[in-house]
Amino acid sequence: MSLDKDTVRRIAMLARIKVPEADLETMAGELNNILGWIEQLDEVDTDGVEPMTSVSDFRPELRADVVNDGGDAERALANAPENANGFFVVPKVID
Amino acid sequence: MKLTELTIAAARDGLAAGEFTSVELTAANLSAMENTRDLNAFVCETAEKAQDMAAASDVRRARGADLGAMEGIPIAVKDLFCTEGVRATACSHILDGFTPPYESTVTTNLWDAGAVMLGKTNMDEFAMGSSNMSSYDGPVTNPWRAGDDGAKLVPGGSSGGSAAAVAARMAMGATGTDTGGSIRQPGAFCGVVGMKPTYGRCSRWGVIAFASSLDQAGPLTRTVQDAAIMLGAMAGHDPKDSTSVNESVPDFEAALTGDIKGLRVGVPKEYVVDGMPGEIGELWRRGVDWLKDAGAQIVDISLPHTKYALPAYYIIAPAEASSNLARYDGVRYGLRVEGDSLQDMYANTRSEGFGAEVKRRLMIGAYVLSAGYYDAYYLKAQKVRARIAQDFHDAWETVDVVLTPTAPSAAFAQGEKMDDPIAMYLNDVFTVPASLAGLPAISVPAGLSSDGLPLGLQIIGRPFDEETMFRVAGVMEREAAFTAHPMTGEA
């Protein structure tokens, strides 16, 4: 599998990162290098192997379903680039 | 002896005997920080807070209150940890000015144990790197040099500032985090002890996330005993992290009996890479001899999937990072770069806020998780990860610990390997397998290269058996008798 410019443009959109048109080729080259090196994984026989999603073999405990945090809008908003009336402010989405 | 030269264990005794106060010990470290600012190990100094915390510790001691395991000991904190009221930016532009309104569990535990915070240390952006060169706050200079006129060297990464601070006697210990080697490799490069506990031993709550199935906090210190003391204060169950294990924390220091008679040490034949300097292999063989002479039984083993650990890691870690770092969108904290629309604002913020290596990994992560490629890449990597974990599982049938080199080279010059991501990734070739398997592992300074740079050996233990790992590490430290000092040049 080799990435072309269109695929890199699509991935960049998925990752919400702007890659200037002029840089797409270079970026494709870099990513292809890494993915080419990763493809050695095809040598490993993984037939019948369960994918490993966690190293822990213990079951996480369930906590009581109770409110134990929150109600502190001021602290939650303290780091926001823009806030007003207890809300985060974003650019207008609907005209 | 200068106060900054003391180990944590010796400082603990000196404080208990009333030979000096925490205020004096802290002042000595703050002054060392001031004198070595050119290394750029700290990105934020909290001198006032340090003095207050030290004074409070001295009051507790004078009052005869219950004292913690780290009582009065000044330490540094990696900038990845959220610290209430003190910046935490993961050394990324995108978290500019972020001041957490809460404290991470690991640092809370340390302050509860009496430790004193000196400041926040430099690191690779979002812990993605092995050289500290990707930090938005600039590179860290390793206190070690190859000869008198040698080039400035990297401290390793991502916990490069923490390792440099401990090596340069600016802090008695420092917190680090390790996702694929980010404590152990800088430990080796800076000639200090770097320890990554079993996944689940330390809470990840309040640690800025990189790859959640791999991230673990751990200590960087100048001795194995200090690592045991500090880990004891960091670890423990935390209901706020569902992957933190609900088991009591053993007395790690008590495990340092100095006796490894009859313990079985595995030496895996696969821990060799092309172009590795001969002296790394020689040091490894010396390590084997030291443990053998101390009464351990050496067992040649095979961990057949070792070479696939690094490529599997470079699917799994970027995939998890692409999910974790989706939260940086210019809305709730950090940098915002305005745009024509909401989507445009997101993309502008992320393009300007993330550095080149982070962007590269987010792109890889988005790709391997995208429709049509998930099975070929992500699922395949998870299956290979299972194979690697099984290799270790099988090894534990015949051995108690595994001994390997920590890194395939000594510290390299700042700027080297920057145009070749894969060459940079290879730094972690010996540390990533234990990360993927979630195992405890420690790097111990064991010797000097022909250029006079420190080299480390790694001991990997069974899950939640840090005690045996520490015991063997303690013996290796004793046998290696590593006393070289980066600041005085004394060997």
Side-chain angles (χ1 to χ4, degrees), chain A residues 1 3 7-8 10-20 27-28 30-31 33-64 68-69 72 74-83 88-93, chain B residues 97-99 101 199-200 213 239 242-243 245-246 305 307-308 311-312 314-315 322 326 329-336 338-339 341-348 350-351 354 359-360 362-367 370 373 376-377 379-387 389 421-422 436-438 463:
Chain A
M1 282 178 267
L3 301 187
T7 314
V8 175
R10 191 176 59 85
I11 305 169
M13 188 276 293
L14 288 174
R16 297 292 185 272
I17 290 170
K18 277 189 183 169
V19 180
M27 183 66 106
E30 280 179 14
L31 298 182
N33 265 344
I34 297 170
L35 291 168
W37 167 74
I38 281 174
E39 269 161 26
Q40 57 179 299
L41 293 181
D42 294 343
E43 297 165 17
V44 185
D45 177 7
T46 51
D47 283 354
V49 175
E50 279 296 308
M52 183 170 167
T53 52
S54 164
V55 299
S56 324
D57 48 13
F58 62 90
R59 277 171 62 93
E61 288 169 50
L62 296 178
R63 66 165 173 81
N68 58 15
D69 197 3
D72 195 353
E74 203 176 305
R75 276 204 320 158
L77 289 166
N79 278 284
E82 196 182 346
N83 72 80
F88 294 104
V89 177
V90 297
K92 200 168 174 187
V93 217
Chain B
F98 179 60
T99 307
Y199 183 84
S213 79
S242 63
T243 63
V245 71
N246 194 357
H305 297 90
K307 74 175 265 209
Y308 301 107
Y314 275 97
I315 291 177
S322 83
D329 57 7
V331 174
R332 287 155 297 167
Y333 28 66
L335 181 75
R336 171 184 288 194
E338 299 298 343
S341 63
L342 184 61
Q343 293 292 338
D344 203 41
M345 187 274 281
Y346 291 158
N348 286 344
R350 292 166 64 83
S351 304
F354 292 133
K359 282 184 195 166
R360 201 177 286 133
L362 295 181
M363 297 276 285
I364 297 265
Y367 180 61
S370 66
Y373 302 98
Y377 287 112
L379 209 61
K380 179 77 186 180
Q382 286 186 311
K383 290 178 178 181
V384 173
R385 184 177 185 182
R387 284 279 197 209
I422 294 169
L436 289 174

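Order of the sequence lines sets the chain letters (A, B, ...), proteins ahead of strands, with each chain counted from 1. What you are looking at is a predicted structure, and each value in this text was computed from that prediction instead of being measured.
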Subject >> Contact origin within A/Arg75 toward chain B - heavy atom pairs under 4.5 Å >> reply: both
Subject >> Residue among B/Val331, B/Ile364, B/Ile315 with most heavy-atom pairs under 4.5 Å to chain A >> reply: B/Val331
Original post:
Under a 4.5 Å heavy-atom cut-off, does chain B meet the side chain of A/Thr53, its backbone, both or neither?
Top reply: both
Original post:
Is it the backbone or the side chain of A/Met27 that comes under 4.5 Å from a heavy atom of chain B, or both, or neither?
Top reply: side chain
**OP:** Mind ranking A/Asp45, A/Leu62, A/Leu77 by heavy-atom pairs under 4.5 Å with chain B and telling me who comes out on top?
**Re:** A/Asp45
Subject >> Under 4.5 Å from a heavy atom of chain A, the part of B/Met345 involved >> reply: side chain
Original post:
At what distance, to the nearest 0.5 angstrom, does OH of B/Tyr367 lie from CG of A/Leu35?
Top reply: 6.0 Å
Subject >> Choice from B/Gly200, B/Ala312, B/Ala389 maximising heavy atom contacts with chain A below 4.5 Å >> reply: B/Ala312
Original post:
Is the shortest side-chain N to carboxylate O distance from B/Lys307 to A/Glu43 below 4.0 Å?
Top reply: yes
Original post:
If every non-hydrogen atom of A/Ala15 is compared with every non-hydrogen atom of B/Leu362, which pair is closest and at what distance?
Top reply: CB-O, 4.3 Å
**OP:** May I have the step-by-step check of side-chain contact (heavy atoms from CB on, under 4.5 Å) for A/Met52 and B/Leu436, ending in yes or no?
**Re:** CA-CA 10 Å; A/Met52 183 170 167; B/Leu436 289 174; over 6 Å; no
Subject >> Straight-line distance of A/Ile34 CD1 to B/Tyr314 OH, nearest 0.5 Å >> reply: 9.0 Å
**OP:** Mind ranking A/Val89, A/Val8, A/Val93 by heavy-atom pairs under 4.5 Å with chain B and telling me who comes out on top?
**Re:** A/Val89
Original post:
Heavy-atom distance under 4.5 Å to chain A: side chain of B/Ile422, backbone, both or neither?
Top reply: side chain
**OP:** Side-chain contact test, heavy atoms from C-beta onward, threshold under 4.5 Å: evaluate it for A/Val49 versus B/Gln382 and give yes or no.
**Re:** no
Original post:
Yes or no on side-chain contact (heavy atoms from CB on, under 4.5 Å) for B/Thr243 and A/Ser54, after CA distance, side-chain angles and deciding distance?
Top reply: CA-CA 9 Å; B/Thr243 63; A/Ser54 164; 5.9 Å; no
Original post:
So, for A/Val44 and B/Lys380, which heavy atoms are closest and what is the spacing to 0.1 Å?
Top reply: O-NZ, 2.8 Å
**OP:** Check whether more than 12 heavy atoms from other residues, nucleotides or ligands sit under 6.0 Å from atom CG of A/Asp69, and answer yes or no.
**Re:** no
Original post:
Does B/Asp344 come within less than 4.0 Å of A/Lys18, counting only side-chain N to carboxylate O?
Top reply: yes
Subject >> Side-chain donor or acceptor of B/Arg385 paired with backbone N/O of A/Val55 under 3.5 Å >> reply: no
Original post:
Between B/Ser322 and chain A, which part of the residue has a heavy atom less than 4.5 Å away: side chain, backbone, both or neither?
Top reply: neither
Subject >> Listed partners of B/Tyr346 passing ring-ring contact (aromatic ring centres under 6.0 Å, His included), at least two apart >> reply: none
**OP:** Check whether any side-chain N or O of B/Lys359 sits under 3.5 Å from a backbone N or O of A/Val19 as a donor-acceptor pair, and report yes or no.
**Re:** no
Subject >> Segment of A/Ala78 engaging chain B (4.5 angstrom heavy-atom cut-off) >> reply: neither
Original post:
Counting distance only, does the side-chain N/O of A/Asn79 pair as donor-acceptor with the main-chain N or O of B/Gly334 below 3.5 Å?
Top reply: no
Original post:
What part of A/Gln40 lies closer than 4.5 angstrom to a heavy atom of chain B: side chain, backbone, both or neither?
Top reply: both
**OP:** Name all residues meeting the salt bridge (Lys or Arg N to Asp or Glu O under 4.0 Å) criterion together with B/Arg332; count only those two or more places apart in sequence or in a different chain, and write none if there are none.
**Re:** B/Asp329
Original post:
Which bit of A/Asn83 is near chain B, if near means a heavy-atom gap under 4.5 Å: side chain, backbone, both or neither?
Top reply: neither
**OP:** Answer with side chain, backbone, both or neither: which region of B/Pro421 has an atom nearer than 4.5 Å to a non-hydrogen atom of chain A?
**Re:** side chain
Original post:
Does A/Pro81 offer a backbone N or O that forms a donor-acceptor pair with the side chain of B/Arg336 under 3.5 Å?
Top reply: no
Subject >> Gap separating the CG atom of A/Leu41 from the OH atom of B/Tyr308, nearest 0.5 angstrom >> reply: 8.5 Å
